[in-house]
Amino acid sequence: MIEMWDDDKINAFQATLLTWYDQEGRSTLPWRQDREPYHIWVSEIMLQQTQVQTVIPYFERFMATFPTINDLAMAPEQLLLKTWEGLGYYSRVRNMQKAARQIIDDYAGSWPDNMQELQKLAGIGPYTAAAIASIAFDEPVPAIDGNAFRVFARLFKIDADIAQPKTRKIFFELGQQIIDQKRPGDFNQAIMDLGSSYMTAKNYDSEHSPVKAYNAAYLDGTEALYPVKSKAPKPKPVTYFAIAVKSPAGYLWEQRPTKGLLGDFWMMPLYALTDFILDNDAHWTEEEMIQATQKRLAADYGVVADLKRVPGRPVTHVYTHLKWTVTILTATVKKQNLQRGQWQTMADIQNDPQPKIQDKIWQRLK
DNA sequence: GAGCCGTGGGC
DNA sequence: TGCCCAAGGCT
């Protein structure tokens with residue numbers, strides 16, 4: 001059971017926090033120059049699981065490309081993905097377009113102004129809804145993100161596991177009690193700024209934090225114990241062959257399926273070894289695996305190619321839940337009619353949205 | 001509710 | 001290198 005503050009302590013905390021925020025907060029961030037819901041929204045989506053320094057140039061480019069919600073609603077998908085290329089979690093930008101269309105179709109182009117209604121929009125969950133509602137519309141709802149979890153856990157010595165979804169309720173209700181009713185948006189952003197400066201996950205410096213007098217874990221020397229967070233499972237290893245087939249018309253190039261990892265991005269053909277090699281109990285040499293892949297390539301794409309392994313270590317890439325190990329196979333062929341995919345010149349490939357792992361493969365082919 | 005969904009940075 | 005971390009949401 002946590003020890004709740006009385007009204008005097010809450011008021012004093014708010015005053016201390018907001019005074020610090022007014023003086024030391026990151027007021028120059030490009031999405032803090034006004035309170036346009038569109039600007040707040042785009043920044044909040046980009047900032048999900050992504051650091052501020054990474055987001056800044058993407059935010060500027062996104063606003064130049066899609067100045068209004070109407071521009072976003074009408075954008076072709078390839079431009080969406082190209083604008084988001086490198087940010088990751090690409091469903092974020094697809095959902096943004098869905099939400100833009102929802103606002104136009106269901107709300108006559110005018111933003112809903114409260115947390116409950118905002119959560120009906122695609123890609124907007126409890127955190128983002130509270131952030132937009134408080135920052136753009138002054139609704140006094142706490143925005144419970146990773147920063148708020150960490151800061152509140154230390155201030156109040158909360159030992160619930162923040163990796164568990166049900167824990168959110170504890171923090172939200174606590175936040176409701178201590179949020180500043182007059183400046184809820186600034187309160188939420190101040191907690192975030194605190195969480196990314198003095199009260200980071202590692203190398204925190206609570207000694208110099210403006211709210212150290214309110215930090216129960218710091219005061220009794222148990223700060224290292226908070227927040228409590230169970231470990232995520234390790235990424236599962238997956239092994240692929242990537243097939244780099246070059247013809248006079250360009251590389252064999254194919255768009256990935258819409259659903260799942262890297263949906264609708266362009267890549268070279270990939271074969272997971274488990275798809276057709278490890279399903280039986282046979283022991284395969286690498287040469288046998290390459291030969292099997294070559295036959296598969298002919299059957300799937302109609303491409304006859306003498307595949308050679310690119311020397312050196314395979315390319316690796318770690319996702320949140322997967323670890324890819326990719327061995328590259330290459331061949332140079334005449335232009336052949338394709339059953340799947342297309343021949344694409346390097347000039348055109350540059351314009352296609354493609355994932356980081358594909359970029360690593362290009363680097364290896366240089 | 002557990003698994004899925006990217007990438008870059010720090011140590 | 002192999003972890004963990006960074007303004008989460010969807011299924």
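Here is the naming used below: chain letters follow the sequence lines, and residue numbers restart at 1 for every chain.
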Between A:R94 and B:dC5, is there a contact of a side-chain N or O with OP1 or OP2 at under 4.0 Å?
no

Would A:E139 and A:S134 count as having a side-chain donor-acceptor pair, cut-off 3.5 Å?
no

Counting only side-chain heavy atoms from C-beta out, which of C:dC4, C:dA7, B:dG9 sits nearest to A:S196?
C:dA7

From NZ of A:K229 across to C1' of C:dC3 the rounded distance in Å is 13 Å

OP1 or OP2 of C:dA6 less than 4.0 angstrom from a side-chain nitrogen or oxygen of A:Q49, does that happen here?
no

Any donor-acceptor pair, under 3.5 Å, between the side chain of A:R26 and the base of C:dA7, if you only look at N and O atoms?
yes

Given the P atoms of C:dG9 and B:dG8, what is the spacing between them in whole Å?
22 Å

Validation row: A:L29, A:F59 side chains within 4.5 angstrom (heavy atoms):
no

B:dG9 C1' sits how many Å from A:Q53 CD, rounded?
8 Å

Using whole Å, report how far OH of A:Y90 lies from C1' of B:dC4.
16 Å

For the residue pair A:D71 / A:T68, report whether a side-chain donor-acceptor contact shorter than 3.5 Å exists.
yes

I'd like the P distance from B:dG6 over to C:dT1, given in whole Å.
24 Å

Could you measure between the two C1' atoms, the one in C:dA7 and the one in B:dA2, and give it in whole Å?
23 Å

Over all strands shown, is A:W31 touching base, sugar-phosphate only, or nothing at heavy-atom distances under 4.0 angstrom?
base

Any base atoms under 4.0 Å from A:T54, or only sugar-phosphate, or nothing? Heavy atoms, all strands.
nothing

Under a 3.5 Å cutoff, is there a donor and acceptor pairing between the side chains of A:R32 and A:Q189?
yes

So, is the end of the A:R340 side chain (NZ or CZ) under 6.0 Å from the ring centre of A:Y301 and within 45° of the ring's axis?
yes

Are A:W31 and A:E60 linked by a side-chain donor-acceptor pair shorter than 3.5 Å?
no

Where do N or O atoms of nucleotides 9-11 of chain C meet protein N or O atoms at under 3.5 Å, pair by pair?
from, atom 1, to, atom 2, distance (Å)
C:dG9, OP1, A:G125, N, 3.0
C:dG9, OP1, A:G125, O, 3.4
C:dG9, OP1, A:T128, N, 2.9
C:dG9, OP1, A:T128, OG1, 2.7
C:dG9, OP2, A:Y127, N, 3.3
C:dC10, OP1, A:G123, N, 2.8

Residue-phosphate contact under 4.0 Å: A:H321 side-chain N/O, B:dC5 OP1/OP2
yes

Could you check whether A:T50 and A:Y58, counting side-chain N and O atoms only, form a donor-acceptor pair closer than 3.5 Å?
no

Tell me: NZ of A:K323 to P of C:dC4, nearest whole Å?
14 Å

5'-most contact on DNA chain B (nearest-nucleotide basis), A:Q164 vs A:P355, goes to A:Q164

Grab the CD-P distance between A:Q189 and C:dA7 for me, whole Å please.
14 Å

Expressed in angstrom and rounded to an integer, what is the separation of A:Y319 atom OH from B:dG8 atom P?
11 Å

Before giving the answer on salt bridge (charged side-chain N to carboxylate O under 4.0 Å, His left out), spell out for A:R35 and A:D138 the whole-Å C-alpha distance, their side-chain angles and the decisive distance to 0.1 Å.
CA-CA 10 Å; A:R35 295 174 47 175; A:D138 286 323; 3.0 Å; yes

Touch check for A:V318, heavy atoms < 4.0 angstrom, all strands: base, sugar-phosphate only, or nothing?
base

Assert: residue with more 5' nearest nucleotide on DNA chain B, out of A:S91 and A:P165, is A:P165

Nearest listed nucleotide, side chain of A:Y89, among C:dC5, B:dC5, B:dT7
B:dC5

N or O in side chain of A:N203 less than 4.0 angstrom from B:dC11 OP1/OP2:
yes

Do any side-chain nitrogens or oxygens of A:R150 fall under 4.0 Å of OP1 or OP2 in C:dA7?
yes

What is the distance from NE2 of A:H317 to P of B:dG9, rounded to the nearest Å?
13 Å

When all nucleic acid strands are considered with a 4.0 Å heavy-atom cut-off, which category describes A:A201: base, sugar-phosphate, or nothing?
sugar-phosphate

Using a heavy-atom cut-off of 4.0 Å across all strands, would you classify A:R313 as base, sugar-phosphate, or nothing?
nothing

Which value, in whole Å, describes the distance between the P atoms of nucleotides C:dA6 and B:dC5?
23 Å

Charged N-O contact under 4.0 Å between A:D105 and A:R101
no

A:G260 near the nucleic acid: base, sugar-phosphate alone, or nothing, with a heavy-atom cut-off under 4.0 Å?
sugar-phosphate

How close or far is atom P of B:dG6 from atom CD of A:Q358, stated in whole angstroms?
15 Å

